[in-house]
J.: 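Dropping the structure in here first, questions after.
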Amino acid sequence: MLKISELYIYPIKSLPGVTVTKAQVTKTGFEHDRRWMLVGENNRFISQREAPQMTQLLVAIDEDGLKITHKINGESLILPFNTPPLGGRGASRVVVTIWDDTCVAEFVGNDADDWFSQMLGFKCRLVYMPDDTKRIVDQKYAPGDSITSFSDAYPFLIIGQASLDDLNNRLAVPLPMDRFRPNIVYTGGHPYEEDLMGRFTIGGISFRGVKLCARCPITTINQQDASRGKEPLKTLASYRQKNNKVLFGQNIVHTGEGIVKVGDDLHVLSYNEDEIFMVNITAKKIDKYLV
C-alpha cells in the first residue's frame, strides 16, 4: 500500500520549503507554492544554482502571509497575502523569464526588494504571480490545459521514500529528502516506482505522471549550510542516467482541486509503458518490477 508521508510547499522559488500535514490543491499546484520569485536586473529568475545563500532564508506560512527569516542573523520580513502590488494594480506588471518560458508577474514592492538584496548580498527584486497569469506547461509532455506557477516546469514533483532509501544505501553519507525539493513523498512500493506511475489518485484528486525529473546541481547544495559537494549527482549518474540527464523523481500534473493530507492513500490506476519512463528497466519487465 502506498501512503503519503510528506508534503512540501515552496512559496518563494528556490528558497527552502515548508513542511505541511495537508495542502490545498489549486489549478497551479499547492496553494502558495512558488507564487513568489526573485529576479535579477534582466527580470530572469534567480535560484540556488548561482546563489546558494538562498538556503539561509527560511520561510513560514502564517494565516495572513509569509514570514521570511535569515537563519544566521535572525532578521525577518513579513509579506502579507493581501499586499497590493507596487504602484497599484497593473502599474507594476513585468514579463519575467523562467528557463525558456516567459509570463506576466507583479513587483511586490521596494521594501521587499531592499530586504532580499541586503540579505543575499546582491541586487534583486521580488515578484508575485497574479491569478490571471496562466503559465502553460510543456505541451509535448502534458495536456495543454495544465498550468503551473513559477516552478521549473510542472506543478508537482513526486518521489518515493524507497527511492531515496535506495540511493542512500549507495552513498557514503546519506542525504535528506530536502536535497530533491519534492512536493509529494510517499512510502511503500519499490524504489523508483514513481517513474512508472501513469494515472493515480490522492484524496480523490486525479494526477498524471508526465516526465521524469532531470536533476541539476541544486541537489549537491547542503540546505543547512549552503556548502556544495559532488553528491548525489556523482552516484546517481552511475545508474540513473539517460540521454545525458540524471533522473530522480517524476513530474506530475493534475485534474481537479481539493485537499491532500499526510496519511492519504495513493491509488495507482495505470502505469506508463513508454520508453521515456524507463531507466534501467524495459517495458517487458514492468509487471515483474511492480509485483
Side-chain angles (χ1 to χ4, degrees), residues 4 6-15 17-18 20 23-37 45 47-49 96-105 129 131 133-160 163 177-186 192-203 205-219 240 242-243 245-258 260 266 268-272 274 276-279:
I4 304 307
E6 298 174 60
L7 298 170
Y8 295 90
I9 297 173
Y10 306 88
I12 303 177
K13 183 177 179 64
S14 217
L15 263 60
V18 179
V20 296
Q24 175 71 46
V25 176
T26 71
K27 292 181 180 179
T28 59
F30 284 151
E31 185 178 26
H32 307 311
D33 189 66
R34 284 164 287 207
R35 294 302 295 269
W36 292 262
M37 179 173 71
F45 82 106
S47 78
Q48 292 181 29
R49 296 167 184 84
V96 297
T97 303
I98 309 103
W99 296 114
D100 295 328
D101 287 354
T102 59
C103 63
V104 174
M129 179 177 281
D131 291 339
T133 290
K134 308 299 181 186
R135 182 181 169 219
I136 304 296
V137 303
D138 191 335
Q139 295 183 39
K140 294 194 300 289
Y141 300 97
D145 57 351
S146 295
I147 60 175
T148 188
S149 54
F150 290 134
S151 66
D152 274 357
Y154 299 93
F156 297 99
L157 174 67
I158 187 170
I159 297 176
S163 303
M177 187 64 80
D178 66 9
R179 289 291 188 98
F180 303 97
R181 302 178 67 81
N183 295 104
I184 302 171
V185 181
Y186 69 92
Y192 316 107
E193 186 169 340
E194 63 271 19
D195 291 2
L196 305 175
M197 289 180 183
R199 298 183 182 276
F200 58 96
T201 62
I202 306 170
I205 301 171
S206 297
F207 294 89
R208 176 182 169 188
V210 294
K211 189 175 185 292
L212 301 188
C213 184
R215 307 315 310 220
C216 73
I218 286 182
T219 60
R240 292 286 301 174
K242 185 170 186 174
N243 298 328
K245 294 181 179 180
V246 174
L247 305 171
F248 192 81
Q250 169 88 288
N251 291 301
I252 59 178
V253 297
H254 67 293
T255 302
E257 302 180 26
V260 170
L266 188 161
V268 180
L269 305 179
S270 66
Y271 288 97
N272 291 318
D274 293 341
I276 61 171
F277 298 100
M278 309 296 164
V279 182

J.: Quick check: do Phe156 and Val253 have side-chain heavy atoms less than 4.5 Å from each other?
T.: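 When only atoms from C-beta onward are counted, Val253 and Phe156 do not touch, as no gap falls below 4.5 Å.
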J.: Any side-chain to backbone donor/acceptor pair from Thr148 onto Ala153? Under 3.5 Å, distance only.
T.: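 Not a single qualifying donor-acceptor pair exists.
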J.: Using 30° and 60° as the class boundaries, would you call the ring planes of Phe207 and Phe200 parallel, tilted or perpendicular?
T.: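 Phe207 vs Phe200 ring planes: parallel.
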J.: Could you walk me through whether Ile4 and Leu266 pass the side-chain contact (heavy atoms from CB on, under 4.5 Å) test, one step at a time?
T.: CA-CA 7 Å; Ile4 304 307; Leu266 188 161; 4.2 Å; yes
J.: Determine whether a donor-acceptor pair (N or O, by modelled atom type, separation under 3.5 Å) exists between the side chain of His254 and the backbone of Thr201.
T.: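 No, because the side chain of His254 does not come within donor-acceptor range (under 3.5 Å) of the backbone of Thr201.
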J.: Over 60° means perpendicular and under 30° means parallel, so classify the ring planes of Tyr10 and Tyr8, tilted if in between.
T.: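 Rings of Tyr8 and Tyr10: parallel, as their planes differ by under 30°.
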J.: Hey, what do you get for SG (Cys213) to CZ (Arg181), rounding to the nearest 0.5 Å?
T.: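 Going from the SG atom of Cys213 to the CZ atom of Arg181 covers 11.0 Å.
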J.: Knowing that exactly one of Arg135, Arg215, Lys211, Arg49 qualifies, which makes a salt bridge (charged side-chain N to carboxylate O under 4.0 Å, His left out) with Asp152?
T.: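 Going through the options one by one, the only one that passes is Arg49.
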J.: Is there a ring-ring contact (aromatic ring centres under 6.0 Å, His included) between Phe180 and Phe248 once you walk through the steps?
T.: CA-CA 8 Å; Phe180 303 97; Phe248 192 81; 4.5 Å; yes
J.: Rounded to the nearest 0.5 Å, how far apart are NZ of Lys242 and CG of Asp195?
T.: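 Answer rounded to 0.5 Å: 9.5 Å.
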J.: Should the heavy atoms of other residues, nucleotides or ligands under 6.0 Å from NZ of Lys245 be counted, would the total exceed 12?
T.: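 Counting other residues, nucleotides and ligands, NZ of Lys245 stays at 12 neighbours or fewer.
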J.: Starting at CZ of Phe150, measure out to CZ of Phe45 and round the result to the nearest 0.5 Å.
T.: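 That separation rounds to 12.0 Å.
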J.: Roughly how far apart are Asn272 CG and Met197 CE, rounded to 0.5 Å?
T.: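 Result: 10.5 Å between the selected atoms.
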J.: When you measure from the side chain of Ser149 to the backbone of Asp33, do you find a donor-acceptor pair of N or O atoms at a distance under 3.5 Å?
T.: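 The answer is yes, because a donor-acceptor pair under 3.5 Å joins these two groups.
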J.: Within this structure, what is the CG-CG distance for the pair Asp274 and Leu196, rounded to the nearest 0.5 Å?
T.: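 Answer rounded to 0.5 Å: 11.0 Å.
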J.: So which atom in Ser163 and which in Tyr192 form the shortest heavy-atom distance, rounded to 0.1 Å?
T.: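 Looking at all heavy atoms of both residues, the shortest contact is OG-N, 2.7 Å.
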J.: Counting N and O atoms only, with roles assigned by atom type, does the side chain of Glu6 sit under 3.5 Å from a partner on the main chain of Tyr186, one being a donor and the other an acceptor?
T.: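 No; zero donor-acceptor contacts below 3.5 Å.
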J.: Kindly give the heavy-atom pair with the smallest separation between Ile159 and Gly249, and that separation in Å.
T.: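 Between these two residues, the closest heavy atoms are CG1-CA, 3.8 Å.
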J.: I'd like to know if the side chain of Glu194 and the backbone of Ile158 have a donor-acceptor N/O pair within less than 3.5 Å.
T.: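 Looks like no, no N/O pair under 3.5 Å.
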J.: Just how far is it from atom CD1 of Ile252 to atom CG of Leu157, taken to the nearest 0.5 Å?
T.: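 Spacing of CD1 (Ile252) from CG (Leu157) equals 8.0 Å.
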J.: Is Thr255 close to Arg199 at the side-chain level, that is, under 4.5 Å between some pair of heavy atoms?
T.: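 Contact flag for Arg199/Thr255 side chains = no.
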J.: What residues, two or more places apart in sequence or in another chain, satisfy side-chain hydrogen bond (donor to acceptor under 3.5 Å, both in side chains) together with Asp131?
T.: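 Listed in chain order: Arg35.
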J.: Under 3.5 Å, side chain of Lys27 to main-chain N/O of Ile147, donor-acceptor pair present?
T.: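 Absent.
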J.: Using side-chain heavy atoms (C-beta onward) and a distance below 4.5 Å, is Pro143 in contact with Arg208?
T.: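 Yes, side chains in contact.
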J.: What are the two closest non-hydrogen atoms of Val137 and Pro155, and how far apart are they?
T.: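 Heavy-atom minimum between the residues: CG1-CD, 4.0 Å.
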J.: Do you know the tightest heavy-atom contact between Ile218 and Ser14?
T.: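 Answer, listing the atom of Ile218 first, then Ser14: CD1-OG, 4.0 Å.
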J.: What closest approach, in Å, do Ala142 and Tyr154 show between heavy atoms, and which atom pair accounts for it?
T.: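 Smallest heavy-atom distance, with atoms named: CB-CE2, 4.2 Å.
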J.: Looking at every non-hydrogen atom in both residues, tell me the closest pair between Val279 and Leu247 and how far apart they are.
T.: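 Shortest heavy-atom separation between Val279 and Leu247 comes out as CG2-CD1, 3.8 Å.
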